[in-house]
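Remember, it's a predicted structure, so these values are computed and weren't measured experimentally.
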Amino acid sequence: AVVAWRAADTDVEQGKVIILFAVNGVFFLLWTPLFFVVKRPDWALVEVVFLWASALALVVGLWPIAPLASLLVLPYLAWVTFASALNRAIVRLNAPFP
């Protein structure tokens, strides 16, 4: 975020950086309570689609502003992809949920 913020030359680019990270942050913060607190991996699986899309949006949206920042988000996108696969396997192996 700092790399992208510093590379943003205009207020519009800074606003884009904030929006991209804020949207991702919201989806990031929603997944854990759905999975662990509410104990609904099926709901978390639906939500993780939005988390993954927001991580991809970070990669794509940051590229024109700060290619380095975009590349630095790739391991996070890979982790969300792996976590999504685990979440899917948990739902498949343990369904149905109450």
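No path of Ile, Leu, Val, Met, Phe, Trp and Tyr side chains, each step under 4.5 Å between heavy atoms, connects Val2 with Leu20, placing them in separate hydrophobic clusters. Transitive grouping of hydrophobic side chains (ILVMFWY, heavy atoms separated by less than 4.5 Å) brings Phe50 and Val26 into a common cluster. Both Leu77 and Phe28 belong to a common hydrophobic cluster when Ile, Leu, Val, Met, Phe, Trp and Tyr are linked at side-chain heavy-atom distances under 4.5 angstrom. One hydrophobic cluster, built from ILVMFWY side chains closer than 4.5 Å, holds both Val60 and Phe21. No single ILVMFWY cluster, assembled from side-chain heavy atoms under 4.5 Å apart, contains both Leu51 and Leu72.
Rounding to the nearest 0.5 angstrom, the gap separating the CG atom in Leu74 from the CG atom in Leu56 is 9.5 Å. Rounding to the nearest 0.5 Å places CG of Asp9 at 9.0 Å from CD of Gln14. Put simply, CH2 on Trp5 and CD1 on Ile65 are 10.5 Å apart, with the number rounded to the nearest 0.5 Å.
Applying the 6.0 Å contact sphere to CG of Asn94 captures more than 12 heavy atoms from other residues, nucleotides or ligands.
Contact of the Val17 side chain with the Glu13 side chain is not registered, since no non-hydrogen atoms from C-beta on lie closer than 4.5 Å. Within the 4.5 Å cutoff, the side chain of Val91 has heavy atoms near those of the Phe97 side chain.
Taking all atoms of both residues into account, the shortest heavy-atom contact from Ser84 to Val48 is OG-CG2, 3.3 Å. The two residues Val73 and Ala55 come nearest to each other via the heavy atoms CG1-O, 4.1 Å. Of all non-hydrogen atoms in Asn24 and Ser54, the two that sit nearest each other are ND2-OG, 2.9 Å. Of all non-hydrogen atoms in Pro41 and Asn87, the two that sit nearest each other are O-ND2, 3.0 Å. Scanning both residues, Ala66 and Ala7, for their nearest heavy atoms gives CB-CB, 3.6 Å. The heavy-atom pair separating Leu30 from Glu47 by the smallest distance is CB-OE2, 3.6 Å.
Arg40 places a side-chain N or O within 3.5 Å of a backbone atom of Pro98 that can act as its donor or acceptor partner.
Between Trp31 and Phe36, the angle of the ring planes goes over 60°, which puts this pair in the perpendicular group of the 30/60° scheme.
Between Tyr76 and Trp79, the ring center distance fails the sub-6.0 Å criterion.
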**Message:** Pair Trp63, Leu71 - check side chain to side chain contact (heavy atoms under 4.5 Å, CB included), show working.
**Reply:** CA-CA 8 Å; Trp63 185 260; Leu71 293 173; 3.9 Å; yes
